[in-house]
Amino acid sequence: MRAARYNNKVMALKVCSLASGSKGNCIFIGSRRTSLLIDAGVSPKRIAASLEAIGESLPAHILLSHTHSDHFRYVPALCEKGMTLHYGRPARRAAERIAGAEDFCGDFCIGDITVSPFAVSHDVPCYGFSFYSEGSKVTVVTDLGFMPRQTLEAMSDSDAVLIESNYDEHMLAVNPNYPAMLKARISGSRGHLSNTESAECTAYLAGKGVKHILLGHLSEQNNTPSAALGRAEAALAKYGLAGKASLAAASQHEVSEVIEVS
């Protein structure tokens, strides 16, 4: 698992998916002097091993996107190790038992990283995040039922984006293990982004100059990396944008490449 470097300039921000999917999520964000995690839905042991694989140690701060267990499950255990939790005020009931937790209601700074949370449509209060350092910007957004135009436009000046591409519409529709109610939840306006929806967002972002796009939160039951990437690549080709952005899919079980921007 090697860190991928896309340029020879001094790195300002980097992003890496340590785990991404319905069984647990954790994203690493780093600058030259600061590092943090988004969510902890996999074990501290798994997180520590993944960080070691990319040459990093456990950060001092963790951000919570929302309280579903695949994002929150191991947050308390990490905070017992000394990490500071930052959470949106709607998650207060879940976070209030964690010593030293700090709520956010707008932009704030962690070291030399400015964090800009923004609400997204999910069936519990949920946030995406943009990160700024030394003129560079990285945005991470998953677990949203639809992408508002204004949110997409606000993301469009990012250097790198991790965006949800949760399910293939046909695979979800024919999945015999999912009841109709669950299918409706996933595909609804407070559920998740489909490959088609994510691909349209990917094409828009690439057209605005975003250079690195990582597809995340792929369902193991209703998606595959090849399906998600294939749909995104087709959208880029449709709009004459093939090759304008690097594309990759984050995995549930493997650490992603480390995307560095300057």
Side-chain angles (χ1 to χ4, degrees), residues 1-4 11 13-88 91 94-95 97-102 104 110-113 115 117 124 126-131 133 138-143 160-164 166 212 214-220 225 248-261:
M1 302 176 188
R2 295 180 179 178
M11 179 276 299
L13 281 170
K14 54 187 170 181
V15 56
C16 176
S17 170
L18 306 184
S20 186
S22 302
K23 293 181 179 178
N25 297 272
C26 186
I27 308 298
F28 173 84
I29 301 290
S31 68
R32 286 200 288 169
R33 296 185 294 276
T34 306
S35 61
L36 56 90
L37 299 179
I38 307 170
D39 297 331
V42 293
S43 72
K45 181 178 179 180
R46 163 84 183 274
I47 291 170
S50 298
L51 288 169
E52 182 180 2
I54 62 171
E56 301 287 347
S57 56
L58 192 66
H61 299 268
I62 183 167
L63 310 182
L64 179 64
S65 66
H66 64 295
T67 56
H68 282 160
S69 63
D70 58 325
H71 296 259
F72 181 72
R73 183 181 295 117
Y74 292 101
V75 167
L78 286 179
C79 291
E80 289 177 1
K81 295 178 178 292
M83 295 188 73
T84 297
L85 173 64
H86 302 267
Y87 65 94
R97 68 178 185 270
I98 298 174
E102 301 178 0
F104 56 74
I110 299 176
D112 63 339
I113 298 176
V115 183
V124 298
C126 185
Y127 294 89
F129 300 96
S130 288
F131 304 93
S133 185
V138 167
T139 298
V140 175
V141 56
T142 66
D143 297 76
V161 169
L162 189 158
I163 186 171
E164 177 171 70
N166 181 253
H212 310 292
L214 184 59
L215 306 180
H217 214 294
L218 275 65
S219 168
E220 287 191 306
S251 168
Q252 180 69 85
H253 303 290
E254 298 290 335
V255 177
S256 77
E257 58 194 346
V258 179
I259 298 174
E260 298 187 358
V261 300

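On a predicted model such as this, the values are computed, not experimentally measured, just so you know. Position 1 is the first residue of the sequence, and the numbers go up from there. Just so it is clear, the values below take in all heavy atoms, side chains as well, and ignore hydrogens, waters and symmetry mates.
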Do [X] and [Y] come close enough that some side-chain heavy atom pair is under 4.5 Å?
X	Y	result
Asp143	Glu164	yes
Phe129	Thr139	no
Pro76	Arg97	yes
Leu18	Val42	no
Phe131	Thr34	no
Leu58	Leu51	yes
His217	Asp70	yes
Leu214	Ile259	yes

Which heavy atom of [X] sits nearest to which heavy atom of [Y], and what is that distance?
X	Y	result
Pro44	Tyr74	CD-CD2, 3.6 Å
His66	Cys126	ND1-SG, 3.4 Å
Gly30	Ile113	C-CD1, 4.3 Å
Ser251	Ser17	O-OG, 4.5 Å
Ala94	Phe72	O-CZ, 3.7 Å
Pro225	Ala249	CB-CB, 4.1 Å

Set of side-chain contact (heavy atoms from CB on, under 4.5 Å) partners for Lys45, sequence neighbours left out: Ser43

Just verifying a value: how many Å separate [X] [atom1] and [Y] [atom2], rounded to the nearest 0.5 Å?
X	Y	atom1	atom2	result
His68	Ser22	NE2	OG	11.5 Å
Ile38	Ile29	CD1	CD1	4.5 Å
Ser219	Lys23	OG	NZ	10.0 Å
Ser20	Asn25	OG	CG	5.0 Å
Leu37	His61	CG	NE2	11.0 Å
Ile27	Cys16	CD1	SG	8.0 Å

With a cut-off of 3.5 Å and sequence neighbours excluded, list every side-chain donor-acceptor pair involving residues 77-85.
none

Dump the intermediate steps for side chain to side chain contact (heavy atoms under 4.5 Å, CB included) on Lys14 and Ile54, then the final yes or no. CA-CA 11 Å; Lys14 54 187 170 181; Ile54 62 171; over 6 Å; no

Might you work through the side chain to side chain contact (heavy atoms under 4.5 Å, CB included) test for Thr142 and Ile163, ending with a clear yes or no? CA-CA 6 Å; Thr142 66; Ile163 186 171; over 6 Å; no

Between Val258 and Phe28, is a side chain to side chain contact (heavy atoms under 4.5 Å, CB included) present by the stated rule, with each step listed? CA-CA 9 Å; Val258 179; Phe28 173 84; 6.0 Å; no

Might you work through the side chain to side chain contact (heavy atoms under 4.5 Å, CB included) test for Glu257 and His212, ending with a clear yes or no? CA-CA 11 Å; Glu257 58 194 346; His212 310 292; over 6 Å; no

Does atom CD (Glu220) have a neighbourhood of more than 12 heavy atoms from anything else shown, all under 6.0 Å?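 It does: Glu220 CD has more than 12 such atoms within range.
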
